[in-house]
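Notes follow the structure.
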Amino acid sequence: MELSILDYSFIIVFFSIVLGIGIYVSKKSGKDSSEFFLSGRTMPWWLLGLSMVATTFSTDTPNLVTDIVRTNGVSGNWVWWCFLLTGLLTVFVYAKLWRKSNVKTDLEFYEMRYGGAPARFLRKFRAVYLGIIFNVITMAAVTLAAIKIGGIMLGLEPWETVVSAGLITVVFSAMGGFKGVVYTDFLLFFVAMSGAIGAAYYLVNIPEVGGISALMANENVTDKLNILPEISDKKLFITLFIIPVAVQWWSSWYPGGEPGVGGYIAQRMLAAKNENHAIGATFFFNIMHYALRPWPWILVALASLAVYPDIASIHEAFPNVAQDKLGHDLAYSAMLTKLPSGLLGLVLASLIAAYMSTISTQLNWGSSYIVFDFYKQQINPEASEKRMVAVGRLSTVLLMVLSAILALALQNALQLFEILLVFGAGTGLIFILRWFWWRINAWSEITAMFASGIISILLKTTALGPMLFAADTGVFPDWTEYPFVVVVTSAIWLTATFVTQPESKEVLRSFYKKIQPGGPGWTRVVDEAKSDDVEIVNTREKWSVPAGITAMLLGCVLIYSIMFATGYWIYGRTTSAMVLTLVAAISGFLLVKAWNRMKDNLL
């Protein structure tokens, strides 16, 4: 496929602007570590919200959605749609707690909430575990998608894509720091959305597809349209809907969807001006991320079934693609090759934008762990601000190199997503409860982390997994694998919690005094402090969690209603769409009232 001068113009202008932003903010970003990683905690909600959306608008996401839709239908997306519950719990319960903590990274929380050697080990280990290992794996998945897009659309070799896509990204990330990432995310969001919507509109109307009505009637598509899985198919209904909605959202740790918040979402909340801006940013992100943004990708995935009904047809159309890179996720890139000049350049620029936004965020976030939670804590406690910025820039480059090497060895985005999901199964409940239950200690988290990882590795890499969880020959149905890991991991960490000593009174009281979490889970700590004539309650505000959960539920109804209504409007199911639009309006009105009451309590 050849690009026109117009296509190249879009891409060149885009690259020039991004590099210009990085150069423009580089001097101020290098001022000190707080500027480099948090932009001085002065960011407004709308800019941070757009940055969160742009960050999750990565090159692997449309590939992942395409893989899911082609394999399990539209309803298969509940594997990640369920994380809306986590996201809104973040908005209405955890955002203000994180902002009150005033930490520089979410890992710094460990030495605030826990004490002694276990807390120091936990912070150090997770700095390496998340900042390097998990972060590199996540970036490798994004880079794998870029490799597939480059191979299908431009005929590039994997290494050519890695070098060309990664070089500019790592340069502006190392120069601009967090402020450069957020400022460029503002541009990247609009470029990425324009490309996704433009591509969906054009590709649904190409002759091979025949428009939206023909697409809805296509024999390869009709059984993929349900937004909810058919109840009659018990296994699919349990696997695709019941487990994600009932168990997965609160029990699993996954980058960007952590129960109780963490990672780059926490980083953006910590960079907000205040608690209200942190809440506003995360709410805006959840609306865009779940309700509206997936549909352009879903439409292209459905259209691909009309053009490339199976993997063999993709291989036939693109025989030069290596066998180890073939998969349903290639269908998205394959469809984009049919775009006309001009729109093709815009879509390529949007894909580059998506790649750069995600990678730059992961680099800056991972580097912040390395600098604050490992280098300064373990290697050079007296490090100057200038030295920490230099280490941050060096670690940014090294993370990019490691992820590029791993990406060249990977094959499938959905496979990696599922492995990461199971790998964190059973740990999520700790991240939810540690703010509100005094008895959780550092050993709870250490035990859960290792138990979940070891159990997942045993099930995924040995004969134990197929022996226990195989569709026909296993002891249990294959859909019980995830709940099994959750139950076993939870039992292990709860046992560890009660057989180890609780955190010291000094640690617990210091945490409560700063955060004011409230609730019955801290009653014992508050009462003991009172009996010792120590005052740790410094607010008369009511415990906000019940009101937060009410707002969370209203928010879920609002966003899921918008998501369903959008789909039904596209499908042409007018009655269902109108009913759901009305439900969205009512829930939105009620949410505004609940939000105003909560906001008054924060002022």
Check whether any side-chain N or O of [X] sits under 3.5 Å from a backbone N or O of [Y] as a donor-acceptor pair, and report yes or no.
{"X": "Ser368", "Y": "Trp365", "answer": "yes"}
{"X": "Tyr94", "Y": "Ile432", "answer": "yes"}
{"X": "Trp543", "Y": "Pro517", "answer": "yes"}
{"X": "Thr143", "Y": "Met139", "answer": "yes"}
{"X": "Thr489", "Y": "Val485", "answer": "yes"}
{"X": "Thr71", "Y": "Asp67", "answer": "yes"}
{"X": "Thr361", "Y": "Thr358", "answer": "no"}
{"X": "Tyr560", "Y": "Trp81", "answer": "yes"}
{"X": "Lys376", "Y": "Val371", "answer": "no"}

Check the surroundings of atom CZ in Arg387: do more than 12 heavy atoms from other residues, nucleotides or ligands lie under 6.0 Å from it?
-> no
In Å and rounded to the nearest 0.5 Å, what is the [atom1] to [atom2] distance from [X] to [Y]?
{"X": "Ile132", "Y": "Ser395", "atom1": "CD1", "atom2": "OG", "answer": "8.5 Å"}
{"X": "Leu88", "Y": "Leu554", "atom1": "CG", "atom2": "CG", "answer": "10.0 Å"}
{"X": "Leu433", "Y": "Trp250", "atom1": "CG", "atom2": "CH2", "answer": "9.5 Å"}
{"X": "Ile515", "Y": "Trp98", "atom1": "CD1", "atom2": "CH2", "answer": "9.0 Å"}
{"X": "Gln377", "Y": "Leu107", "atom1": "CD", "atom2": "CG", "answer": "10.5 Å"}
{"X": "Glu506", "Y": "Ser510", "atom1": "CD", "atom2": "OG", "answer": "9.5 Å"}

Heavy atoms, side chains only, cut-off 4.5 Å: are [X] and [Y] in contact?
{"X": "Ser367", "Y": "Leu363", "value": "no"}
{"X": "Lys513", "Y": "Val537", "value": "no"}
{"X": "Val525", "Y": "Ile536", "value": "yes"}
{"X": "Phe284", "Y": "Leu50", "value": "yes"}
{"X": "Thr427", "Y": "Trp493", "value": "no"}
{"X": "Ser101", "Y": "Leu270", "value": "yes"}
{"X": "Asn380", "Y": "Glu382", "value": "yes"}
{"X": "Asn441", "Y": "Pro118", "value": "no"}

Tell me, with the steps shown, if Val545 and Phe436 meet side chain to side chain contact (heavy atoms under 4.5 Å, CB included).
-> CA-CA 10 Å; Val545 171; Phe436 300 110; 3.5 Å; yes
Tell me whether the centres of the aromatic rings in Trp249 and Trp80 are closer together than 6.0 Å.
-> no
Examine Phe283 together with Trp595 and report whether their ring centres are nearer than 6.0 Å.
-> no
If you take all heavy atoms of [X] and [Y], which pair is closest and at what distance?
{"X": "Ile370", "Y": "Leu399", "answer": "CD1-CD1, 4.1 Å"}
{"X": "Phe372", "Y": "Lys104", "answer": "CE2-CD, 3.6 Å"}
{"X": "Ala95", "Y": "Thr282", "answer": "CB-OG1, 4.4 Å"}
{"X": "Gly131", "Y": "Asn135", "answer": "O-CB, 3.2 Å"}
{"X": "Val245", "Y": "Cys82", "answer": "N-CB, 4.1 Å"}
{"X": "Phe109", "Y": "Val103", "answer": "N-CG1, 4.2 Å"}

Check each of Leu406, Val401, Ile405, Leu398 against Val136 using the side chain to side chain contact (heavy atoms under 4.5 Å, CB included) test, and report the only one that passes.
-> Leu406
For Ala119, which residues count as a side chain to side chain contact (heavy atoms under 4.5 Å, CB included) partner, sequence neighbours excluded?
-> Glu111, Tyr114
Of Arg123, Arg113, Arg434, the one forming a salt bridge (Lys or Arg N to Asp or Glu O under 4.0 Å) with Glu445 is Arg434
Write out all pairs satisfying side-chain hydrogen bond (donor to acceptor under 3.5 Å, both in side chains) with one or both partners inside residues 514-524, taking only residues at least two apart or from two chains.
-> Gln516-Asn538, Arg524-Glu528
Carefully, step by step, assess Thr138 and Gln362 under the rule side chain to side chain contact (heavy atoms under 4.5 Å, CB included).
-> CA-CA 8 Å; Thr138 303; Gln362 296 290 144; 4.1 Å; yes
Kindly indicate, with the supporting measurements, whether the criterion side chain to side chain contact (heavy atoms under 4.5 Å, CB included) is fulfilled by Tyr369 and Phe374.
-> CA-CA 7 Å; Tyr369 283 2; Phe374 188 78; over 6 Å; no
Would you mind listing every ring-ring contact (aromatic ring centres under 6.0 Å, His included) that reaches into residues 442-466, with sequence neighbours excluded?
-> Phe125-Phe450
So, Arg509 and Asp532, do they make that salt bridge, N to O below 4.0 Å?
-> yes
Under the side chain to side chain contact (heavy atoms under 4.5 Å, CB included) criterion, do Met449 and Leu122 qualify, and how do the steps go?
-> CA-CA 10 Å; Met449 182 172 58; Leu122 193 55; 4.0 Å; yes
